[in-house]
Structure formats: structure tokens, C-alpha cells
Q: 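Just dropping this structure here.
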Amino acid sequence: MTYTGHTVSYTLIRARFSPSFSTLQKYIYSGSSTGQLFIWDVLTGDVVFKSKQGECHSSIVRDVSWHPYEPMIMTSSLDHTLGCTQYRDVPLTCDRRDSPGGYEDEYMDEGNYWL
């Protein structure tokens, strides 16, 4: 199966399976170099969700994480922001937050967590 629509440039972009508890791993999701979040149906390869370009991030979405029990997906971007996409009985929406220190926070001291 091939999952298409997203683009990759400059860096690794992670793709993952959705959680088994809340979605039965029915989806694959990933970021894109366009700053978007993509979600595909595992069996058909169809794009079931694509965030609007520029809605959440202005640069590459490098990593994504779907909460195992809550209806939310976190995204991190090279524009130094985190996004939280929620999907509780409404279309997916994005909440953008600026990272307090940019890339320096990537290697935080033990016990110093942001969020």
C-alpha cells in the first residue's frame, strides 16, 4: 500500500499508526514539509484528514503523536511550535503554541518539561 499526498524535504518526517485502544490502529498519520498533518485509512490508503496549509504550522511538521485515550494529536514543527489537533464530534481543529526556547528545549535538563 502506498500513502500519498504529503511531501518530504530536508529532514526525516515520522509516520505512525493510530492508537489501538481508541482507533483500533485504523489510521496512519504523518506530518508534511508543507506544515500539514495527514491521516490515511490503513486499508484503503485514502486521505481521511488533511489540515489546511498554514493553519497550524508555517514549516515542516517533523513529528506527530496521537494520544492513546484522548481525542487529540500533537504535532511539532521546525517553526518552533507545537500544535494540538482535537477531534471530539467536530471537524479537527488546531491550537498552535510557540516553544519557549526553540531548539534549545530539545535537550532539556532532567525534570524540566514544557507542556
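Hydrogens, waters and symmetry mates are skipped; everything else that's a heavy atom, side chains included, is used. Heads up: numbering here begins at 1 and tracks the sequence.
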Q: Backbone N or O of Ser58 within a donor-acceptor pair of the Asp79 side chain at under 3.5 Å?
A: yes
Q: So do the side chains of Leu37 and Val61 get within less than 4.5 Å of each other, counting heavy atoms only?
A: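 They are not in side-chain contact.
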Q: Within this structure, what is the CG-CD1 distance for the pair Leu43 and Ile28, rounded to the nearest 0.5 Å?
A: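 Spacing of CG (Leu43) from CD1 (Ile28) equals 9.5 Å.
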Q: Starting from Met72, can I reach Tyr29 by hopping between I/L/V/M/F/W/Y residues whose side chains sit under 4.5 Å apart?
A: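 Not linked; separate clusters.
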Q: If you round to the nearest 0.5 Å, how far is CD of Gln86 from CD1 of Ile73?
A: 10.5 Å
Q: Please write out which residues are connected to Tyr69 in a hydrophobic cluster, directly or through intermediates, given that two of Ile, Leu, Val, Met, Phe, Trp, Tyr count as joined at side-chain heavy-atom separations below 4.5 angstrom.
A: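 Joined to Tyr69, directly or through intermediates: Phe21.
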Q: So, the side chain of Ser77 versus the backbone of Ser59: is there a donor-acceptor pair under 3.5 Å, distance only?
A: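 Yes, because the side chain of Ser77 sits within donor-acceptor range (under 3.5 Å) of the backbone of Ser59.
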Q: Looking at side-chain heavy atoms only, is the closest gap between Trp66 and Tyr27 below 4.5 Å?
A: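 Yes, close enough: below the 4.5 Å cut-off.
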Q: Less than 4.5 Å apart, any side-chain heavy atom of Tyr3 and any of Val47?
A: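 Not in contact.
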Q: State plainly whether one hydrophobic cluster holds both Phe49 and Val64, where clusters connect Ile, Leu, Val, Met, Phe, Trp and Tyr through side-chain heavy atoms under 4.5 angstrom apart.
A: yes
Q: Tell me, please, which residues at least two apart from Ser18 pass side-chain hydrogen bond (donor to acceptor under 3.5 Å, both in side chains).
A: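 Once residues adjacent in sequence are excluded, the partners of Ser18 under the side-chain hydrogen bond (donor to acceptor under 3.5 Å, both in side chains) criterion are Thr23.
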Q: Going by salt bridge (Lys or Arg N to Asp or Glu O under 4.0 Å), name the residues that satisfy it together with Asp46, two or more places apart in sequence or in a different chain.
A: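 In terms of salt bridge (Lys or Arg N to Asp or Glu O under 4.0 Å), with neighbours along the sequence ignored, Asp46 is linked to no residue.
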Q: Kindly compute the distance separating CE (Met74) from OG1 (Thr85), expressed to the nearest 0.5 Å.
A: 8.5 Å
Q: Measuring from Ser22:OG to His67:NE2, what's the distance to the nearest 0.5 Å?
A: 9.0 Å
Q: Is there a path from Met1 to Phe38 through hydrophobic residues (I, L, V, M, F, W, Y) whose side chains come within less than 4.5 Å of each other?
A: yes
Q: Among pairs that include at least one residue of residues 15-32, which meet salt bridge (charged side-chain N to carboxylate O under 4.0 Å, His left out), considering only residues two or more places apart or in two chains?
A: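 Output for this query lists Arg16-Asp63.
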Q: Just wondering, do Gln36 and Ser51 contact through their side chains at under 4.5 Å, heavy atoms?
A: yes
Q: Hey, is the main chain of Arg14 close enough, under 3.5 Å, to the side chain of Ser30 for a donor-acceptor pair?
A: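 Between the backbone of Arg14 and the side chain of Ser30 there is a qualifying donor-acceptor contact (under 3.5 Å).
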